[in-house]
Structures are given as structure tokens and as C-alpha cells.
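Beneath this line is the structure, given in C-alpha cells, with notes to follow.
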Number of protein chains: 2
Amino acid sequence: MAARRSSDNLKEVIRDFRRDQVIDVARRLFGERGTTEVSMDEIAAQAGVARSTVYVYFANRDELLRACLKRMLDQLLESIAVDWERDTEPAQRLRTLIGGMFERLDDNPAFFRLALVTQEAVVQGSAAVGSELALIGLEIAGMIQDLYLEGVSSGLFRPMEPDRATSLIGQQIYGAMSVRASELIPMPRADAAAEVTEFLLRGLSA
Amino acid sequence: MAARRSSDNLKEVIRDFRRDQVIDVARRLFGERGTTEVSMDEIAAQAGVARSTVYVYFANRDELLRACLKRMLDQLLESIAVDWERDTEPAQRLRTLIGGMFERLDDNPAFFRLALVTQEAVVQGSAAVGSELALIGLEIAGMIQDLYLEGVSSGLFRPMEPDRATSLIGQQIYGAMSVRASELIPMPRADAAAEVTEFLLRGLSA
DNA sequence: GATCCTTCGGACAGTGTGTCCGATTTATTG
DNA sequence: CAATAAATCGGACACACTGTCCGAAGGATC
């Protein structure tokens, strides 16, 4: 029984590994040439598997794209979580939050741009994509709201409707990322993060 | 000769009229269901022309999409220009600029979302789309920079690197529009515009 | 009435998608 | 080791869409 269980687990690990293998290739190709310009044939070939095998792992093209997005956003959350727990001072939290997001963005700007884009665009055609991504968006929104509320408590930020403050902060970050993602030579990450952070702090200051 | 000329002009008008007819349908459908989920057949049918006729006006799908985006952004600029000339006070200019953009956005949120999205996304696959849209982006960036510089002169805004200030303002507006475009029930336009404007003014204030 | 231009409708090749299935390889188990 | 199960392969298939082409039909223009 135990052997059976562990065997099943191993299979799952292998399965996940292969899945990731395909996802990584797809993410790169999607990023390089856009979602519509890459065929399943090509993804399969570059991942070193048969096209039909890809369809074993992903029901269709949309699900593959969704998996790519989910993976990128999971990584984003993961990489942010580390610093998040370390810093507790609101201003610093904001700084590291933005810095972390920029870091991930710089990691694969081409696909990140696509992600920002598709997050909304795909929701239209295939309703499925939205839900999971929206959850991650919510998670980050929750973090923003937390740090804002802390900032209000400590007298650093002026009080306003928390949802509105969260929205304004989120908008600025979203915009900053979108712009950065489409810049050929973005300014140094630390500088960019500092600039946005300082601007936000000033807008929020008591 | 004069008759010839006017005849040619008439033809051009008709041609433009038909073009717009197709563009309007395409814009609606693209907005409703996303770019990839609408076939040229369908656009042609709903526009009441043969599919082959669509290809007389637009070389291919991308060019049609580009035309849709260009048209929307032209309208945007046009509708902003009116108020822009009337107000000269920087804070008011910012307010009307943002209000004008929101107004256009509310006009057809579905496609506007797509526009925000595609502006960057399409640049990847088909290089052609970017240039014209980038120009319009530039135009608005120029307006932002103008009003910022006026604000600095009048002592309303604190001085900083004009490009950076423009970028920060643009980011906030871009983010605000993106968020608003994907909200099912956005807050009243005037309130939303005021909120963003006040936040920006505070961030920029001397 | 002849001519030009536009539109139409349909045929066409090419490409991609998603499904299916038999053949082949690779792992697991007795 | 042999039998069995599972994963993968490779290719065939129907279907849908794109972009091209062309002859036919309709209106306007001279």
C-alpha cells in the first residue's frame, strides 16, 4: 500500500515535471512571438514531445496558456512572500513588494507583458482563465491593503477608504509594470522601484 | 477636371464610409468576444458585405485590427482636444484629460480593454501595429508633460525630471484605465476621475 | 450603349486545431 | 525473466479559418 502510494506520487512528480517542461517552452515562445503566432506543433517540437502528448497534459491551447500564466504568477507570489514576511514597516513593505514584482518582470519581460495583457484579454473568449488569475490578483490586493492599513495605524498614511487606497496603489503599480514591460531598455530596477514607491508614499502621506 | 476631382473625392468618402462600417462591426465583435474568437466571415456577414470585399479594404486581419485601434484612439484624441484648449490651469487640465479618457473608455469598455491590451501585444507578432499607436501615446504623453511643466512654473508642482514626472502620471492613468476597463460596474465616471486626479495632484504637489 | 469600378459568391491551397488509434517504447509487477 | 500496464509516439483525420483569385452581376459615368 505504501509502495503503491509512493509509486503514484512518483508518477505525479514525473507528470508535473513534464508539464512544467512544456510550460517553460510555451512561455518562452509565447513571450517571444505572441500567443497567436506559435503553433502547438512548434511547442511540442521544442519541448521534445509529440504533439498528441501535449494534448494529454493540456486539453487545448487555452489551457496551456492558462497554465503558463498561472505558473508565472505563482512564482511571482512566491518570490514576493520571502521579503514580505521579513519587513513589517509599511513603507519598506511597499518598496519590497514593488521591487519583487519588478524583479519577476525583468526575469521574462516578454511573457510578463503578455501576462498583463492576457489576464484580461483571455477572460473574454475563454471564461476559464480569469478565475485563478483573479485570485492571485486578489492576494496581492490583500497585501497592499494590509500594508496600507498598517501605515494608517502608524500615522504614516492619511486615512481614506481602504478599498480606494488599495485601488489607487494597485493602479500605479499595474501601470508601472505595464510600462516597464514594454520598454526596451528599462531603467535600473532599484531606481525604478524607488521612484514609484516614493511617488506613492507622497500621494498617501498624512 | 474639377468634376473629376470631386468625383474622386466622393469615391474616397464612400470608401471611407464603408471602411468605417466594417471597422465599427469589427470593433464591437472584437470587444465582445476577443480578437481570436471572431472570424472574418462573421465580421463580413454582420457588416453586410462579402468576405472578399473586406479584403479589398483591409489587407488582412491584423490590418483590420489596427484600423479598429487607430480609430478608437483617434476618437479619444479628438474628444480630449476640445476641453484641452479650453482649460489652461494645470490641475484642471489634468482633471479633464483623465475625465475625457474615462469618457471614451465608458463608451466601449470591452474594446477599450482590448485596445489597452493589444497596443502592446500585437506589436510582438506583427510589427506594423505599434508605430501609429505609439504616436498617439506620444501625443498624450506630450500633453501630460506640458501640463506638468506649466504646473511647475506656477509653483503648483514640485520640480522633478520632466520625463519621470510624465512617466509617473502616465502610469497612474494607464493603470486606472486598465482597472476601470475590466470592472463590471465601475464607479461613477466623475468620481473616479476626481479620485485619480486628486491622488496625482497630491503626489506631484510642491 | 460601351466602359469602368465595385461588389459578390464561391472555389482554392495552405495552415492550424483537436481527436483518435494502432504501434512502440518504458516502467512495474509477479 | 516474462507478462502486464502505462506513457509516448507518429500519423491520419475532420473541421475551421485565412488569404488569394476570378468570373459574374450590378450600378454609375461618359
Side-chain angles (χ1 to χ4, degrees), chain A residues 1-23 25-26 29-30 32-68 122 124-126 128-129, chain B residues 1-23 25-26 29-30 32-68 122 124-126 128-129:
Chain A
M1 186 86 101
R4 173 73 170 285
R5 174 84 47 88
S6 85
S7 169
D8 281 4
N9 285 352
L10 177 61
K11 274 179 192 168
E12 253 180 50
V13 170
I14 290 176
R15 199 184 156 80
D16 284 356
F17 180 80
R18 286 216 185 262
R19 256 183 76 98
D20 286 355
Q21 192 179 348
V22 175
I23 288 175
V25 170
L29 291 179
F30 283 157
E32 282 171 7
R33 304 213 302 276
T35 31
T36 56
E37 302 300 316
V38 179
S39 72
M40 298 294 271
D41 272 297
E42 211 173 345
I43 295 169
Q46 291 222 15
V49 296
R51 193 166 68 97
S52 55
T53 306
V54 175
Y55 280 98
V56 172
Y57 289 104
F58 307 95
N60 53 43
R61 189 195 186 69
D62 265 11
E63 203 182 293
L64 173 57
L65 176 57
R66 189 170 69 215
C68 290
V122 181
Q124 311 242 16
S126 55
V129 182
Chain B
M1 185 84 102
R4 172 73 169 285
R5 175 84 48 89
S6 85
S7 168
D8 281 1
N9 284 353
L10 176 61
K11 274 180 192 168
E12 251 179 55
V13 170
I14 291 176
R15 197 184 158 80
D16 284 356
F17 180 80
R18 288 217 184 259
R19 257 183 74 99
D20 285 356
Q21 193 178 347
V22 176
I23 288 175
V25 170
L29 291 179
F30 284 156
E32 282 171 7
R33 303 212 304 275
T35 32
T36 56
E37 303 301 315
V38 180
S39 71
M40 297 294 271
D41 271 298
E42 212 172 344
I43 295 170
Q46 291 222 13
V49 297
R51 193 166 67 96
S52 56
T53 305
V54 176
Y55 279 97
V56 172
Y57 289 103
F58 308 94
N60 53 41
R61 189 195 186 70
D62 265 11
E63 203 183 293
L64 173 56
L65 176 56
R66 190 170 68 214
C68 291
V122 182
Q124 309 241 19
S126 55
V129 181

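Labels below follow one simple rule: chain letters A, B, ... track the order of the sequence lines, proteins then strands, and each chain is numbered from 1.
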Send over the distance from [X] [atom1] to [N] [atom2], rounded to a whole Å.
X     : N      : atom1 : atom2 : answer
B/L64 : D/dT18 : CG    : P     : 10 Å
A/I43 : C/dG18 : CD1   : P     : 11 Å
A/D41 : D/dG10 : CG    : P     : 12 Å
A/F58 : C/dT19 : CZ    : P     : 15 Å
B/L65 : D/dC17 : CG    : P     : 18 Å
B/M40 : D/dC17 : CE    : P     : 13 Å
B/E37 : D/dC17 : CD    : P     : 10 Å
A/Y55 : C/dC20 : OH    : P     : 13 Å

Gap separating the OG1 atom of A/T35 from the CG atom of A/L29, nearest 0.5 angstrom: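 So the OG1 of A/T35 and the CG of A/L29 are separated by 12.0 Å.
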Under the rule for salt bridge (Lys or Arg N to Asp or Glu O under 4.0 Å), what residues qualify as partners of B/D16, not counting sequence neighbours?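 Expected list: none.
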Apply salt bridge (Lys or Arg N to Asp or Glu O under 4.0 Å) to A/R61 and list each qualifying residue two or more places apart in sequence or on a separate chain.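 Listed in chain order: nothing, the list is empty.
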Taking the side chain as every heavy atom from C-beta outward, state whether B/R66 and B/F58 have any atom pair closer than 4.5 Å.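 In short, these two side chains do not touch, never coming nearer than 4.5 Å.
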Polar pairs (N or O, both sides) under 3.5 Å between protein and nucleotides 4-8 of chain C?
unit_1: C/dT7; atom_1: OP1; unit_2: B/R18; atom_2: NE; d: 3.0
unit_1: C/dT7; atom_1: OP1; unit_2: B/Y57; atom_2: OH; d: 2.6
unit_1: C/dT7; atom_1: OP2; unit_2: B/Y57; atom_2: OH; d: 3.3
unit_1: C/dC8; atom_1: OP2; unit_2: B/A50; atom_2: N; d: 2.9
unit_1: C/dC8; atom_1: OP2; unit_2: B/T53; atom_2: OG1; d: 2.8

Shortest non-hydrogen contact from B/C68 toward B/I23: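 Scanning both residues completely, I find the closest heavy atoms to be SG-O, 3.7 Å.
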Any donor and acceptor pair, going by atom type alone, linking the side chain of B/R19 with main-chain N or O of B/Y57 inside 3.5 Å?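 Checked: pair present.
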